[in-house]
Peer 1: 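First the structure, which I've put down as structure tokens, then a few questions once you've had a look.
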2 protein chains.
Amino acid sequence: MSGFQRYKKILDLFSEERSSWTVLEISKSLKSPSSTIYRIVREMVMAEFLESASGSYFRLGPAFIKFNRIIKFSDPLVRAGQPFLKKLANENPITSVNVLARLYGNNVMCVADYKSPSFKKNTSYQRGKLMPLIYGATSRAIIMQITGKRLEDLINLENFKSDEDKKNFLKDLKSDRKKGYCFTEGQVDKGLIGFAVSISNKKLGIEASLSSIFNLDDFLLEHEPLIYANLTTYGLLVEKYINEIFEDIQKYHHETNSIG
Amino acid sequence: MSGFQRYKKILDLFSEERSSWTVLEISKSLKSPSSTIYRIVREMVMAEFLESASGSYFRLGPAFIKFNRIIKFSDPLVRAGQPFLKKLANENPITSVNVLARLYGNNVMCVADYKSPSFKKNTSYQRGKLMPLIYGATSRAIIMQITGKRLEDLINLENFKSDEDKKNFLKDLKSDRKKGYCFTEGQVDKGLIGFAVSISNKKLGIEASLSSIFNLDDFLLEHEPLIYANLTTYGLLVEKYINEIFEDIQKYHHETNSIG
DNA sequence: TCTATTTTTTTTATATTTTGAGAAATTAAT
DNA sequence: ATTAATTTCTCAAAATATAAAAAAAATAGA
């Protein structure tokens, strides 16, 4: 274990289900001597990436809240898209969960979400949660904008039930790409359906999607046109704002570089 | 630069104002050779603590969103207190911002907040933001539960305008401790007033506060009793729930330890 | 309070890792 | 196609991490 991995491995032990660990538990779990772990943990506590709790337990530290906040207020996708999620929810014909998600490594991560107050069911799409790459409209609207070798590499990391399944997935992807939007039913959460459009910005390296998720029970065929119209409109708006933010950033960097 | 500091120093460059950096900029800023920085940045990108953006810029990575989420759903204080903030807002006689904050190092950090929809002004208390230790009711309700050498150490790190100021601060602290709640006016944001009570849990090492912030213009003296009643009631409720969560955690750890 | 136990820090020599300068390779821009 | 910018690679020297044991400090129990 060396470099950043040394620290990352410890952090990766912490989860929603298991949010506090003692040094001894960490040491057992990573099969490293406790004196070493004590030293590393102390370093991370000083850097506020861990904090000590009672009973010699440690938990994730405030640094994550701090940096999360910085991302929230500065990430172009979040900054551009966040304000529209509520509007989208309000304009949808039935109650919905509206999600901005993006590709992170081999997963899709929800980076912002807004749920209509009257939406009762819990969905899997909540900010910060990693989602499967090949299920759900949210993910598909992201992956459908990727092509060539990159797509192949990503797909090859996934476990399809059969070769047949894989073929079908690629076929659907192709046709959705043509249509410009995605629809899936119950792939991630039972009883829910999803609609999604792609969001992208080459210059900023953003490969994302905007999606609306509904209760299957609420949904009528006559809702569909409005749903697509909303997603398409807001999708374009978000892309426009991302672009404006990009130009602001460029301007800012230009200024600071020429001064300093 | 060694150990975790190596990585921390780079992360600390990123801020709301300046959220993307090139390797060269980092290298200049930290006065380290770029080949070294390239190596370190690559490591952090692989660990998802940084991600590359366009134009050879890098920004904070998705790991922060992920770990922030884990904290949000597992931190006892947040878990216990978050659900009450909205209720508190609704029961307050005038529109308010309601905040859960806790001591982190030498600062106070807001860990959850709820603003009444009709509250117009922006306040400094937003989740993840670091606040001064000696200004505002939110902070005072935290620091007033600390005594002895620890208090001395914390206070000594602060810059008071004069010794007189410091004395007065300590005197106010003492009397607030007796009263069991704090009130301040315009110490953090002009035109706003704050009321706060302490929240603590020794076993979990939590030193926190629950506070309500109002527009000075909205406030009438007759509101005060209800404000205090609400804060006190919800403060006790939050402490009760923290305790229940603590017992759950203990139970869970006991189970997992005896099995594994 | 004193004692036993657990947690944390310190101390070592040794093994491992990081460093940084420059060269080489890759990528992007003109 | 050429040039410039970005990123990776190499390697020996320098710096740091490691782990085992011992010491110290903190905590719990009687």
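All values derive from a computational prediction rather than experimental measurement. Below, chains carry the letters A, B, ... as their sequence lines are ordered, and counting in each starts from 1.
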Peer 1: Step through the shown structure and confirm whether more than 12 heavy atoms of other residues, nucleotides or ligands are within 6.0 Å of NZ on A:Lys8.
Peer 2: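 Enclosed: over 12 neighbouring heavy atoms sit under 6.0 Å from NZ of A:Lys8.
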Peer 1: Between the side chains of A:Arg6 and A:Glu43, is the shortest nitrogen-to-carboxylate-oxygen separation below 4.0 Å, so that they form an ion pair?
Peer 2: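 Looking at A:Glu43 and A:Arg6, the cut-off is not met.
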Peer 1: Give a yes or no answer on whether the side chain of B:Tyr234 reaches the backbone of B:Phe84 with a donor-acceptor pair at less than 3.5 Å.
Peer 2: no
Peer 1: What pairs with B:Ile70 under side chain to side chain contact (heavy atoms under 4.5 Å, CB included), at least two apart in sequence or on another chain?
Peer 2: A:Leu60, B:Phe67, B:Ser74
Peer 1: Applying side chain to side chain contact (heavy atoms under 4.5 Å, CB included), can you list everything that pairs with B:Gln145, at least two apart in sequence or on another chain?
Peer 2: B:Ile142, B:Ser198, B:Ser200, B:Glu207
Peer 1: How are the rings of B:Phe4 and A:Phe49 set to each other: parallel, tilted or perpendicular (split at 30° and 60°)?
Peer 2: perpendicular
Peer 1: Nearest-Å distance, CD1 (A:Ile10) to P (D:dA17)?
Peer 2: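 From A:Ile10 CD1 to D:dA17 P: 13 Å.
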Peer 1: Is the distance from OP1 or OP2 of D:dT7 to the nearest side-chain N or O of B:Tyr38 less than 4.0 Å?
Peer 2: yes
Peer 1: Heavy-atom count around A:Lys72 NZ within 6.0 Å, excluding the residue itself: above 12?
Peer 2: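 12 or below, so no.
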Peer 1: How does protein contact run along nucleotides 18-30 of chain D, one letter per nucleotide 5' to 3', with B for base contact, S for sugar-phosphate only, - for none, heavy atoms under 4.0 Å?
Peer 2: BBBB---------
Peer 1: Look at the side chain of B:Arg177 and the backbone N and O of B:Met144, then say whether any donor-acceptor pair between them is shorter than 3.5 Å.
Peer 2: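 It does hold such a pair.
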Peer 1: Going 5' to 3' along DNA chain C, which nucleotides are the first and last within contact of chain B (any atom under 4.0 Å from a heavy atom)?
Peer 2: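 Both ends considered, the range comes out as C:dT18 to C:dG22.
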Peer 1: List in chain and number order the residues that pass side chain to side chain donor-acceptor pair (under 3.5 Å) with B:Arg69, two or more places apart in sequence or in another chain; answer none if no residue qualifies.
Peer 2: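 Scan of B:Arg69 (side chain to side chain donor-acceptor pair (under 3.5 Å), adjacent residues dropped) gives A:Glu16, A:Gln126.
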Peer 1: By nearest nucleotide on DNA chain C, pick out whichever of B:Glu43 and A:Ser34 is the more 5' one.
Peer 2: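 Nearer the 5' end of the strand: A:Ser34.
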Peer 1: Rounded to whole Å, please give me the gap between CH2 in B:Trp21 and P in D:dT7.
Peer 2: 16 Å
Peer 1: Under a 3.5 Å threshold, yes or no: a donor from one side chain and an acceptor from the other, between A:Thr138 and A:Ser211?
Peer 2: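 There is such a pair (donor and acceptor under 3.5 Å, judged by atom type) between the side chains of A:Thr138 and A:Ser211.
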Peer 1: Counting heavy atoms not belonging to B:Lys179, are there more than 12 under 6.0 Å from its NZ?
Peer 2: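 Counting neighbours around NZ of B:Lys179, more than 12 heavy atoms of other residues, nucleotides or ligands fall under 6.0 Å, so yes.
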Peer 1: Taking five pairs at each end, how big is the angle between the two axes of the helix from C:dT1-D:dA30 to C:dT30-D:dA1, to 10°?
Peer 2: 70°
Peer 1: Provide, to the nearest angstrom, the distance between the OH atom belonging to A:Tyr7 and the P atom belonging to D:dT16.
Peer 2: 12 Å
Peer 1: Starting at the 5' end of DNA chain C, which residue's closest nucleotide do you reach first, A:Thr22 or A:Arg42?
Peer 2: A:Thr22
